[in-house]
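Here is the structure we will look at.
Since this is a predicted model, take the numbers as computed values, not measurements. Positions are given from 1, in the same order as the sequence printed here.
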Amino acid sequence: MNKIFPQGDSDDNAAGTKALPRGEGDMPQNLPSFLVARCGDPSFWIYSDQKCDGTNNCGDCSDELSPVTICPPCGPGWWRCPSTVFGYCGCIPRSLCRDHTQHCSDWSDEYSCPGP
């Protein structure tokens, strides 16, 4: 996830990305708009290929869930459930199914998911 800073908030006057921890910085102006996407919090952005990848890249799941993003159903290697794992939003990897650890709030990963 990257943070957008208003003009003039940077320590230097140069346009572009300000190097900060966790990849935060200005939204790249030199990239075509289809390569970047805003998160639910419009001051954060991600690269477009991070949308609908099953991982919580925005920190609020807006890159995985409606109304900000419309994602296709979980792929074959994924299990749809309300996740308890912050790194995932609406699907978890099937490799986490039946591992004796709750990853879905409804426990479906342990009782319903057929496994990997």
Is the closest side-chain heavy-atom distance between [X] and [Y] below 4.5 Å?
X: Thr84; Y: Gln102; result: yes
X: Glu64; Y: Asp53; result: yes
X: Asn57; Y: Tyr47; result: no

Checklist line | Asp60 and Ser62 side chains, donor-acceptor separation under 3.5 Å | finding: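 Yes, a side-chain donor-acceptor pair sits under 3.5 Å.
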Measure the [atom1]-[atom2] distance between [X] and [Y] for me, rounded to the nearest 0.5 Å.
X: Arg38; Y: Asp63; atom1: CZ; atom2: CG; result: 15.0 Å
X: Asp41; Y: Cys58; atom1: CG; atom2: SG; result: 9.0 Å
X: Cys113; Y: Arg80; atom1: SG; atom2: CZ; result: 13.0 Å
X: Leu35; Y: Trp45; atom1: CG; atom2: CH2; result: 10.0 Å

Item checked: Non-neighbouring partners of Ser112 that pass side-chain contact (heavy atoms from CB on, under 4.5 Å), sequence neighbours left out ->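 Applying side-chain contact (heavy atoms from CB on, under 4.5 Å) to Ser112 gives Trp79, Ser108.
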Pairs of donor and acceptor atoms involving the side chains of residues 87-97, under 3.5 Å and at least two apart or interchain, shall be tabulated with distances.
{"unit_1": "Arg94", "atom_1": "NE", "unit_2": "Pro76", "atom_2": "O", "d": "3.1"}
{"unit_1": "Arg94", "atom_1": "NE", "unit_2": "Trp78", "atom_2": "O", "d": "3.2"}

Margin query: Does Arg98 form a side chain to side chain contact (heavy atoms under 4.5 Å, CB included) with Asp109? I'd like the steps, not just the answer.
Written below: CA-CA 6 Å; Arg98 304 208 178 247; Asp109 61 310; over 6 Å; no
Checklist line | Atom of Cys61, atom of Asn56 and distance for their closest heavy-atom approach | finding: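 Closest approach of Cys61 to Asn56, heavy atoms only: N-OD1, 3.0 Å.
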